[in-house]
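Lettering follows sequence order; numbering is per chain, from 1.
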Amino acid sequence: MSDNVPRTIAAPLLKWYDAHARDLPWRARPGANAPDPYRVWLSEVMLQQTQVASVIPYFEKFTARWPSFEALAAAEDAELMAAWAGLGYYARARNLLACARAVAARGSLPETEAELLGLPGIGGYTAAAIAAIAFGQRAVVVDANVERVVTRLFAVTAPLPGARPRIRTLTDSITPDARAGDFAQAMMDLGSTLCTARAPRCLACPLREQCDGFATGAPEMFPVKAAKPAKPQRYGTMFWIERAGRVLLVRRPAKGLLGGMCALPTGPWADSPPGLADAPISAEWRMLDEQVRHGFTHFNLDVALAAATIPEHTDAPQGEWWPIAEIESAGLPTLFAKAARTFGRMHA
DNA sequence: AAAGCGGGGAA
DNA sequence: TTCCCAGCTTT
């Protein structure tokens, strides 16, 4: 089938969606009114580079605690960062708060893609998704699911990310004027449940007859992606400083890796194990046998663990002394939560 | 245009 | 292990 011929994709896809849509907490219930723009916005930000199953418990927690833009705008930075801990990409949490405050100040969430794009944390995908899903506008919504579905439908052999403009044009060509929001969500549900990355279930797919990728006999070959460079290995040391049953926590700089998050003290990451070179205080350090290994998007990290107990009333670096028994509730990102559990076993 | 930025689930 | 995911911001 030629790429130049518009296909009837939307009608069979929407019919499938009406029967098989996933029941997700930010979607309007069948027969209900339009979805709440606050919930659509919050879910879309949480879903950036994050799978649905990971988002749901955070979405439930956030909407229970902050049910509106106004409520979220009144939150403290530190409590929001702690509530986001574990979800990753922490710049999203900082932008979420800035966006909530901007929306509360102007009265409501804008309804056009162009205005939405001007808000913190809202880029091309999220602006289109909100405009379509929350406000019923026709918008071309392209996420990783849509990229996969479209490159299969049209057997796009050009590799990502270079093929993005072509994919956007193809998506535009199949996006309907009516129910654009449902269409976008239907594409995502299809990509998530049938047109999956590794083993697509083409026999259950409502678009099988129109799919060039299925016709090739190897739809799982799409999308083609450019080769990725190997991740570098980096090293660091984390410092557990105990004083009178409490441990020293610091807040990381607002920008950069894990920016704005509560953390154990560390030195900078290095190309070889730095040992105690960056220790925040002079003390009798004990090195733990166990290390913590953590994978980031762009490098792998091995962290050595150093522990010291200092007498009460001893001077120490700036930070917060957190009760060791309650360390689980400190709102540490996963790297530091893993380390804290390891230090905890040292105690036992 | 390219780089920086987390974490968890699936295969 | 590796791959992947409802991307955005900064340089």
Rounding to the closest angstrom, what is the interatomic distance between B:dA11 and C:dA6 at atom P?
-> 14 Å
If we take the P atom in both B:dG6 and C:dT11, what is their distance in whole Å?
-> 15 Å
Does [N] have OP1 or OP2 under 4.0 Å away from a side-chain N or O of [X]?
X        : N     : answer
A:Arg164 : B:dA1 : no
A:Thr50  : B:dG8 : no
A:Arg148 : C:dC5 : yes
A:Tyr90  : B:dG7 : yes
A:His294 : B:dG6 : no
A:Thr126 : C:dC8 : yes
A:His298 : B:dG4 : no
A:Gln49  : C:dG7 : yes

State plainly whether the residues A:Asp172 and A:Arg138 are in salt-bridge range, i.e. N to O under 4.0 Å.
-> yes
Would you call A:Asp182-A:Arg179 a salt bridge at under 4.0 Å N-O?
-> yes
Ignoring hydrogens and angles, does a donor from either the side chain of A:Thr297 or the base of B:dG4 sit under 3.5 Å from an acceptor on the other?
-> no
Using atom [atom1] of [X] as one end and atom [atom2] of [N] as the other, report the distance to the nearest whole Å.
X        : N      : atom1 : atom2 : value
A:Phe299 : B:dG6  : CZ    : C1'   : 10 Å
A:Gln51  : C:dG7  : CD    : P     : 10 Å
A:Leu116 : C:dC8  : CG    : C1'   : 15 Å
A:Arg201 : B:dA11 : CZ    : P     : 11 Å
A:Gln185 : C:dA6  : CD    : C1'   : 10 Å
A:Leu301 : B:dC5  : CG    : P     : 12 Å
A:Tyr125 : C:dC8  : OH    : P     : 8 Å
A:Asp143 : C:dC5  : CG    : P     : 9 Å

Where does the angle between the aromatic ring planes of A:Trp41 and A:Phe69 fall among parallel (under 30°), tilted (30 to 60°) and perpendicular (over 60°)?
-> tilted
Relative to the ring of A:His294, is the ring of A:Phe296 parallel (under 30°), tilted (30 to 60°) or perpendicular (over 60°)?
-> perpendicular
Assess, by modelled atom type and distance only, whether the side chains of [X] and [Y] contain a donor and an acceptor separated by less than 3.5 Å.
X        : Y        : result
A:Arg22  : A:Ser192 : yes
A:Gln51  : A:Ser54  : no
A:Gln185 : A:Arg27  : yes
A:Arg148 : A:Asn145 : yes

Using a heavy-atom cut-off of under 4.0 Å over every strand shown, decide if [X] touches base, sugar-phosphate, or nothing.
X        : result
A:Arg252 : nothing
A:Lys225 : sugar-phosphate
A:Gly86  : sugar-phosphate
A:Ala144 : sugar-phosphate
A:Gly259 : nothing
A:Trp84  : nothing
A:Phe296 : sugar-phosphate
A:Leu24  : base

Does A:Lys255 or A:Leu47 map to a spot on DNA chain C nearer the 5' end, using the closest nucleotide for each?
-> A:Leu47
Judged by nearest nucleotide, the residue sitting upstream toward the 5' end of DNA chain C, A:Ile122 or A:Glu44, is A:Glu44
Pairwise 5' ranking along DNA chain B for A:Arg92 and A:Ala53, keeping only the more 5' one | A:Arg92
Nearest-neighbour nucleotide for the A:Arg198 side chain, C:dA6, B:dG7, C:dC3 considered | C:dC3
State which of C:dT1, C:dG7, C:dC4 makes the closest approach to the side chain of A:Arg293.
-> C:dT1
Taking the side chain as every heavy atom from C-beta outward, state whether A:Phe222 and A:Leu153 have any pair of such atoms under 4.5 Å apart.
-> no
For residues A:Phe336 and A:Arg252, determine if any side-chain heavy atom of one lies less than 4.5 Å from a side-chain heavy atom of the other.
-> yes
Residues touching DNA chain B, which here means a heavy atom under 4.0 Å, drawn from residues 14-22 of chain A = none
